[in-house]
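Throughout, numbering of the chain's residues begins at 1 and tracks the sequence.
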Amino acid sequence: MTETLNILANFLIPFLIGSLIFFSSIVAPNTFINLDEKNARKFIRTLFPKIYTYAGILSLLIAIFLLKVEVFYSFIFFVISLGYFYSKFFLMKKINIASDLKDNKKFKILHRFSVIIFILQIILMGFVYYLLMN
């Protein structure tokens, strides 16, 4: 059972990392290049909550799988999943309000914070994956 859960985690972690990198490096930038500001904003505001839900649920699932493999790795993935849900339910709302109010300073700070969280999550996932493979 432990071996099966380890195999599942070893598949899902790079799958999640790859999909998030694809989204942030391909989908998001091309949205702003190919759509006008109004439609780009509308598209991103509907897509980000789905991405955060997807990543949060998948991270939580990986955390559950890792409980039998290594409790500390499971804890890391639980924290990662909390970061996605925090970003979805709290941080995104503040970012959108700052954007709507044209408060560029607050928007930049909040957006930078969300990017830092996102990058840290990917780094932590990569770290756990590296440890699982060794």
Please round to the nearest 0.5 Å and tell me the distance separating atom CE of Met1 and atom CZ of Phe65. 9.0 Å

Holding to ring pair (Phe, Tyr, Trp, His ring centres under 6.0 Å), I want the full list of residues that pass it with Phe23, two or more places apart in sequence or in another chain. Phe48

Under 3.5 Å, is there a donor-acceptor pair between the side chain of Asp103 and the main chain of Ser99? no

Leu35 backbone acceptor or donor facing Asn39 side chain under 3.5 Å: no

When clusters are formed from ILVMFWY side-chain contacts under 4.5 Å, directly or step by step, what else is grouped with Ile116? Leu120

Strictly by side-chain hydrogen bond (donor to acceptor under 3.5 Å, both in side chains), give each pair with a member in residues 68-82 just once, sequence neighbours left out. none

If you draw a 6.0 Å radius around CZ in Phe85, do more than 12 non-hydrogen atoms from other residues or ligands fall strictly inside? yes

Sort and list the pairs that fulfil salt bridge (Lys or Arg N to Asp or Glu O under 4.0 Å) and have at least one residue in residues 21-44, not counting sequence neighbours. Glu37-Arg41, Arg41-Asp100

Side chain to side chain contact (heavy atoms under 4.5 Å, CB included) partner of Phe77, the single match among Ile62, Ile64, Leu82, Leu61: Ile62

Using a 3.5 Å distance criterion without hydrogens, assess whether the side chain of Asn6 forms a donor-acceptor pair with backbone atoms of Thr2. no

Check: Val71 and Leu66 side chains under 4.5 Å, non-hydrogen atoms: no

Heavy atoms of other groups near Lys106 NZ, more than 12 under 6.0 Å: no

Among all residues two or more places apart in sequence or in another chain, which pass the side chain to side chain donor-acceptor pair (under 3.5 Å) test with Thr31? none

Find out whether Phe43 and Val27 are in side-chain contact, i.e. whether some heavy atom of one side chain is under 4.5 Å from a heavy atom of the other. yes

Results of side-chain contact (heavy atoms from CB on, under 4.5 Å) for Leu20 - residues two or more places apart only: Leu16, Ile51, Ala55, Tyr84, Phe118, Ile122, Met125

